[in-house]
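Beneath this line is the structure, given in structure tokens, with notes to follow.
Start at 1 and go down the list; that is how both ligands and their atoms are numbered.
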Amino acid sequence: MSDVLIIGTIALDTIETPFGKVGRALGGSATYAAFAASFFSRPAVVSIIGNDFPEEYIGLMKKRGISLDGVKAAGRTFHWDGFYEYDMNEAKTRKTELNSLEGFKAKVPQKYRNAGYVFLANIDPEQQIAALKQISKPELVVLDTMNFWINHKRKQLVAAIKNADVLLLNDGEARQLFSTISLVKAANSAISLGPKAVIIKKGEHGALLFTKNKHFNAPGYPLENIKDPTGCGDSFGGAFIGYLAKTKDLSEPNIRKAVIYGSVVASHNAEDFSLNRLKSLTISDIEKRYKEFQDIREF
Ligand code: AMP
């Protein structure tokens, strides 16, 4: 039994930051999200890899208790090549090689179709919609995306957002998608489409949670050593939904706690390349930083 179903990419990432470089390392929105969710609940993934995908990475995911029965293999693995300059809040894409993702049709295995908590992580919005249609009655649907899909499939993305309970976006994407400089206006526009909550991630500056009548501002964690922010948004989303699936409490105060758990796991993720930090992270590291988040908010 899995309690969080994640639809997203499993990728090989080539990444360059001012602090180093990795080639064809383990990445992808579903990978980061599943790792992050696994600290709180049992995630299952629906995605596609290529026949070139290293066995070692499959072993790593299985070791974290991630169920991969919904992962197919065909052709070559999706490859993202990106870099960051000194402003590590903005990933720049050199190349997006969709490869097997191009022909991917989301098929949710029968045993996951009654999933309660569903994370439509960053992937083609048409596949987010297709996957969601196969799930009978989810309690919570969280959706994430990125500029690539805003640019290429805006209409389909808006249709997908209409079916989500919580929308995750970073600040740049929120401004781009809703054609406004104001994040408050962007959040209101998003809520008018259907979601009950919108979370706008602001990289190292924290995250904003908007619900109909309230908003909450989570601080950024003052990280001394940041190496690679790739996957921070996905780890945020994975920990967020993983914590909600564990506690089964969708009240606004508990959603605030989930935002902090998301921020804790995402801040750890930035400390190393690829999944390297999440691989060694423990629940006690998470609880320790959660307490620090409480302390830096006290006045
Ligand atoms: P994040 O830094 O959280 O926004 O996500 C980074 C991850 O997203 C990387 O591991 C990439 O493999 C993956 N990624 C990059 N471009 C796309 C895309 N167009 N669709 C889905 N996933 C992507």
Could you grab the distance from atom CD1 of Ile7 to atom CD of Gln128, nearest 0.5 Å is fine?
8.5 Å

Residues passing the side-chain contact (heavy atoms from CB on, under 4.5 Å) test with Ser100, sequence neighbours excluded, are Ile48

Hey, which atoms in ligand 1 end up nearer than 4.0 Å to a heavy atom of Thr230?
2 (O), 6 (C), 9 (C), 10 (O)

Which residue from Leu101, Ile10, Asp13 reaches closest to atom 12 (O) of ligand 1 through any of its heavy atoms?
Asp13

Going by the atom numbers of ligand 1, which of them fall below 4.0 Å from some non-hydrogen atom of Gly28?
9 (C), 10 (O), 12 (O)

Under a 4.0 angstrom heavy-atom cut-off, which atoms of ligand 1 come close to Ala11?
12 (O)

Is it the case that the side chains of Asp228 and Thr17 hold a donor-acceptor pair, with the cut-off being a distance below 3.5 Å and no angle test?
no

Without hydrogens or angle criteria, can the side chains of Thr180 and Ser182 be said to hold a donor-acceptor pair below 3.5 Å?
no

A student checking ligand 1 against Gly233 at a 4.0 Å heavy-atom cut-off should list atoms 3 (O)

Listed partners of Lys95 passing side-chain contact (heavy atoms from CB on, under 4.5 Å), at least two apart:
Asp81, Glu97

Considering only heavy atoms of Gly27, which atoms of ligand 1 have at least one such atom less than 4.0 Å away?
10 (O)

Looking only at N/O atoms, are Thr9 and ligand 1 under 3.5 Å apart anywhere?
yes

Need the ligand 1 atom indices (1-based, order shown) with element for anything under 4.0 Å from a heavy-atom of Phe148.
19 (N)

Between Thr77 and the options Asp52, Thr9, Asn99, the side-chain hydrogen bond (donor to acceptor under 3.5 Å, both in side chains) test singles out Asp52

Please confirm whether Phe236 comes under 4.0 Å of ligand 1, counting heavy atoms of the residue only.
no

Measure the distance from atom 16 (N) of ligand 1 to every protein heavy atom, then report the residue, atom name and distance (to 0.1 Å) of the closest one.
Met146 SD, 3.3 Å

Which residue owns the protein heavy atom closest to atom 20 (N) of ligand 1, what's the atom, and how far is it?
Trp149 NE1, 3.0 Å

From the options Ile199, Asn269, Asn170, Val265, select the one residue that forms a side chain to side chain contact (heavy atoms under 4.5 Å, CB included) with Phe236.
Ile199

With a 4.5 Å cut-off on side-chain heavy atoms, are Lys196 and Val166 touching?
no

Can you tell me the protein heavy atom closest to atom 21 (C) of ligand 1 and the distance?
Asn122 O, 3.0 Å

Using the benzene-type ring in the case of Trp, are the ring centres of Tyr290 and Tyr261 under 6.0 Å apart?
yes

Taking only non-hydrogen atoms of Ala91, do any sit less than 4.0 angstrom from ligand 1?
no

So which protein heavy atom does atom 8 (O) of ligand 1 come closest to, and at what separation?
Asp234 OD2, 4.0 Å

Evaluate the side-chain proximity of Ile58 to Leu60: yes if any heavy-atom separation is below 4.5 Å, no if none is.
no

Where is the nearest protein heavy atom to atom 2 (O) of ligand 1: which residue, which atom, and how far?
Gly231 N, 2.7 Å

